[in-house]
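Every chain is numbered from 1 and lettered A, B, ... according to where its sequence line falls, protein lines coming before strand lines.
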Number of protein chains: 2
Amino acid sequence: MTVPGPSLSESCAVLQQACDPVTCNNCGIYQLCLPLGLNQADLSLLESIVRRKVVYKRGEILFRPGEPLDYLYAIRSGSVKTYVSTEDGRVQITGFHIAGELLGLSALASRQYSSEARALETISVCKVEISRLDEIVQQMPSIQYQMLRIMSVQIRQDEEQMLLLGKRSAEERLAEYLVGLSRRFSSRNYSGTQFRLSMSRLDIGNYLGIAEETVCRLLSRFQEEGLITTDRRQICLKDIERLGALAHMAVAA
Amino acid sequence: MTVPGPSLSESCAVLQQACDPVTCNNCGIYQLCLPLGLNQADLSLLESIVRRKVVYKRGEILFRPGEPLDYLYAIRSGSVKTYVSTEDGRVQITGFHIAGELLGLSALASRQYSSEARALETISVCKVEISRLDEIVQQMPSIQYQMLRIMSVQIRQDEEQMLLLGKRSAEERLAEYLVGLSRRFSSRNYSGTQFRLSMSRLDIGNYLGIAEETVCRLLSRFQEEGLITTDRRQICLKDIERLGALAHMAVAA
DNA sequence: CAACTTGGTTGACTCAGATCAAAACGCGGC
DNA sequence: GCCGCGTTTTGATCTGAGTCAACCAAGTTG
């Protein structure tokens, strides 16, 4: 369980450029490398094994619960939502995933998804056959450790999301959501203060456990208070400091 | 990523007896084996490496966020709650864990806990040093796969909990909670219809994202309607069928 | 056994946010 | 340009569950 191979930060330095979904027009395999913490040698090996790009149109479904798990998805461009649903049709969005992020690991071991994933806009992904991943793991055992790491991060995020859904006011939820988005964008070399939401108010509300209308009202109020400016889905954060304070950021440590 | 070693069900058959926290008075190492899917050969190997039993009294803390991760915890008897908290002191319980369950995997890869764990009553656990786990993994690579599997289950549970916290009424939450508990108990050979809650109304409310008083009111109502009977923490489910219907059980698949 | 403590129960009141309703906006298609 | 449709915004009203407060039951302690 000691970290094998190159550290994540080392790999990041090497791959940052290649992984940027804007500059990287090659195969989405690079998208897979950053989260998996691979170096360039591993990269070319990986590349020789898998190479499969797919495009989904807005609204199309990548996978659904009950289906056998055949692929891992690395998002090259666009964004995706994942959600679980009750029998009687209510839906809870469990996450939004943007370019450069990895989808499907959560259900890797059980060979079945518990959630459904749907494209929010036209997206491009790299599908990696799980069966081929066997080969990869055999040649690069360190990958398995990295997958543990990713899943552990996922669990941490889910727990924070539980805290949010169980204990926070609507205002705190939305503030936290915006600041969180900002962080994710800036960690991927996009602007952290100005970005376009790929999800509707309805989706945001669903994700945060509040009503569509409440999202609108709060966005309007944030704008009145000079915290943000909005134009439909274009968002500009004017005072991240104060927004973070509103959100009572976050779990200790 | 193919399942190595014995299947989980095979291991279960072998270990079921040994893992029962009532009949098993030996080392809690058995507790570790069931979830990890080990056979008896692995078991004795494991046993030769780790052997560390610890007792915590009610209210004592097993680990807290920010602390370096040194141990994995297999619960031998009693029960434990884990929770995350905001800076300003609000708390969200993320899970209750009963005898036979495993604690600490979620933060394995990042070497740090995000949550805090506290004993609900006097408990007995088997602490496994992570550093020793290295040895184990080297000799039993299949363990790493099993850990993936466990974490994947954890993620699935967390997602269902998110659905519960985001989209369900207080009534549904409590009904689902009771039915879920019933399942867990009966899967460990306890009575699924009659059991003792180790957690207070306050904890239950916190876990479900509702107030203590609401838990009381609902339990009273369930009793009036003949769904359950309660005497303080002793619970008896009279009509699991109808209770399940109330909960709108559960995620498809 | 009287004084405390802790956990559980019940009632009355309040409010954040859901729901209902309707208007305004933006955008692709023709 | 104009139409139709999905999304966003705003307003008015309603309600589930939170909050506050009082009380009870069962241990515990001195």
Side-chain angles (χ1 to χ4, degrees), chain A residues 57-59 81 89-93 118-122 164-178 196-225 228-236 246 248, chain B residues 57-59 79 81 89-93 118 120-122 164-178 196-225 228-236 246 248:
Chain A
K57 283 202 290 285
R58 175 188 144 87
K81 65 176 174 183
R90 271 173 298 176
V91 169
Q92 171 68 46
I93 294 178
R118 190 186 290 262
L120 285 170
E121 54 212 312
T122 299
L164 183 144
L165 288 173
K167 287 286 160 311
R168 292 167 117 85
S169 71
E171 184 181 77
E172 291 172 307
R173 293 177 199 209
L174 192 59
E176 172 147 346
Y177 177 71
L178 291 175
R196 202 188 124 73
L197 299 172
S198 53
M199 59 295 282
S200 70
R201 307 282 194 263
L202 187 66
D203 278 345
I204 296 173
N206 184 299
Y207 178 60
L208 298 176
I210 55 185
E212 184 183 9
E213 294 92 328
T214 306
V215 175
C216 274
R217 275 184 251 276
L218 285 173
L219 284 178
S220 303
R221 216 175 69 207
F222 286 169
Q223 190 155 355
E224 281 168 28
E225 291 167 5
I228 62 169
T229 57
T230 61
D231 177 33
R232 307 202 90 235
R233 301 209 174 170
Q234 199 64 35
I235 293 265
C236 179
L246 267 189
H248 283 115
Chain B
K57 284 201 289 285
R58 177 187 142 88
S79 56
K81 65 176 173 183
R90 270 173 299 176
V91 169
Q92 171 68 46
I93 294 178
R118 188 185 290 262
L120 285 171
E121 55 211 312
T122 299
L164 182 143
L165 289 173
K167 288 286 159 315
R168 293 166 115 86
S169 70
E171 184 181 76
E172 289 171 308
R173 294 177 200 209
L174 192 60
E176 171 146 346
Y177 176 71
L178 291 176
R196 203 187 123 72
L197 299 172
S198 54
M199 55 296 279
S200 70
R201 307 281 195 261
L202 187 66
D203 277 345
I204 296 173
N206 184 303
Y207 178 59
L208 298 177
I210 56 185
E212 182 183 9
E213 294 92 328
T214 307
V215 176
C216 275
R217 273 183 252 277
L218 285 173
L219 284 179
S220 303
R221 215 175 70 208
F222 286 170
Q223 191 155 345
E224 280 168 30
E225 290 167 5
I228 62 170
T229 57
T230 61
D231 177 33
R232 309 200 89 236
R233 299 209 176 170
Q234 199 66 34
I235 293 267
C236 180
L246 268 189
H248 283 114

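Atom OH of B/Tyr177 and atom CG of B/Leu218 lie 13.5 Å apart (nearest 0.5 Å). Note that the CG atom of B/Leu219 and the CZ atom of B/Arg217 stand 12.0 Å from one another [nearest 0.5 Å].
Using a distance-only test at 3.5 Å, with no hydrogens or angles considered, no donor-acceptor pair links the side chain of B/Arg201 to the main chain of B/Glu213. At distances below 3.5 Å, not a single donor-acceptor pair connects side-chain atoms of B/Gln234 with backbone N or O atoms of B/Asp231.
Paired with A/Ser169 under the rule side chain to side chain contact (heavy atoms under 4.5 Å, CB included), one option of A/Arg173, A/Glu171, A/Lys167 passes, and it is A/Glu171.
A/Arg58 has its CZ atom 12 Å from the C1' atom of D/dC5, to the nearest Å. Rounding to whole angstrom units, CD of residue B/Glu224 and C1' of C/dT10 are separated by 11 Å. Per the geometry, CD belonging to A/Glu121 stands 19 Å off P belonging to D/dG6, to the nearest Å. Distance, A/Asp231 CG to D/dT9 P: 9 Å, rounded to whole Å. C/dT9 atom C1' lies 16 Å from atom CZ of B/Phe222, rounded to whole Å. Between the CG atom of A/Leu174 and the P atom of D/dT8 there is a distance of 13 Å, rounded to whole Å. Note: CG (B/Leu202) to C1' (C/dT6) measures 12 Å, nearest angstrom. Between the CG atom of B/Leu219 and the C1' atom of C/dG8 there is a distance of 10 Å, given to the nearest Å.
Look at A/Arg221 and A/Glu225 and you find a salt bridge, because one of the NZ, NE, NH1 or NH2 atoms lies within 4.0 Å of a carboxylate O, short of that distance. Salt bridge status for B/Glu121 with B/Arg196: absent, with no side-chain N to carboxylate O gap under 4.0 Å.
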Protein heavy-atom contacts under 4.0 Å, written 5' to 3' over nucleotides 12-21 of chain C as B (base), S (sugar-phosphate only) or - (none), form the string B----SSBB-
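In this structure, of C/dG7, C/dT9, D/dT8, it is C/dT9 that holds the atom nearest to the side chain of B/Ser220. Considering only the side chain of B/Ser200, C/dG8 comes nearest among C/dG8, C/dG26, D/dT9.
Using a 4.0 Å cut-off, no side-chain N or O of B/Arg232 falls inside it from OP1 or OP2 of C/dG7.
Residue contacts for A/Arg233: at a heavy-atom cut-off of 4.0 Å it reaches the sugar-phosphate backbone alone, with no base atom in range.
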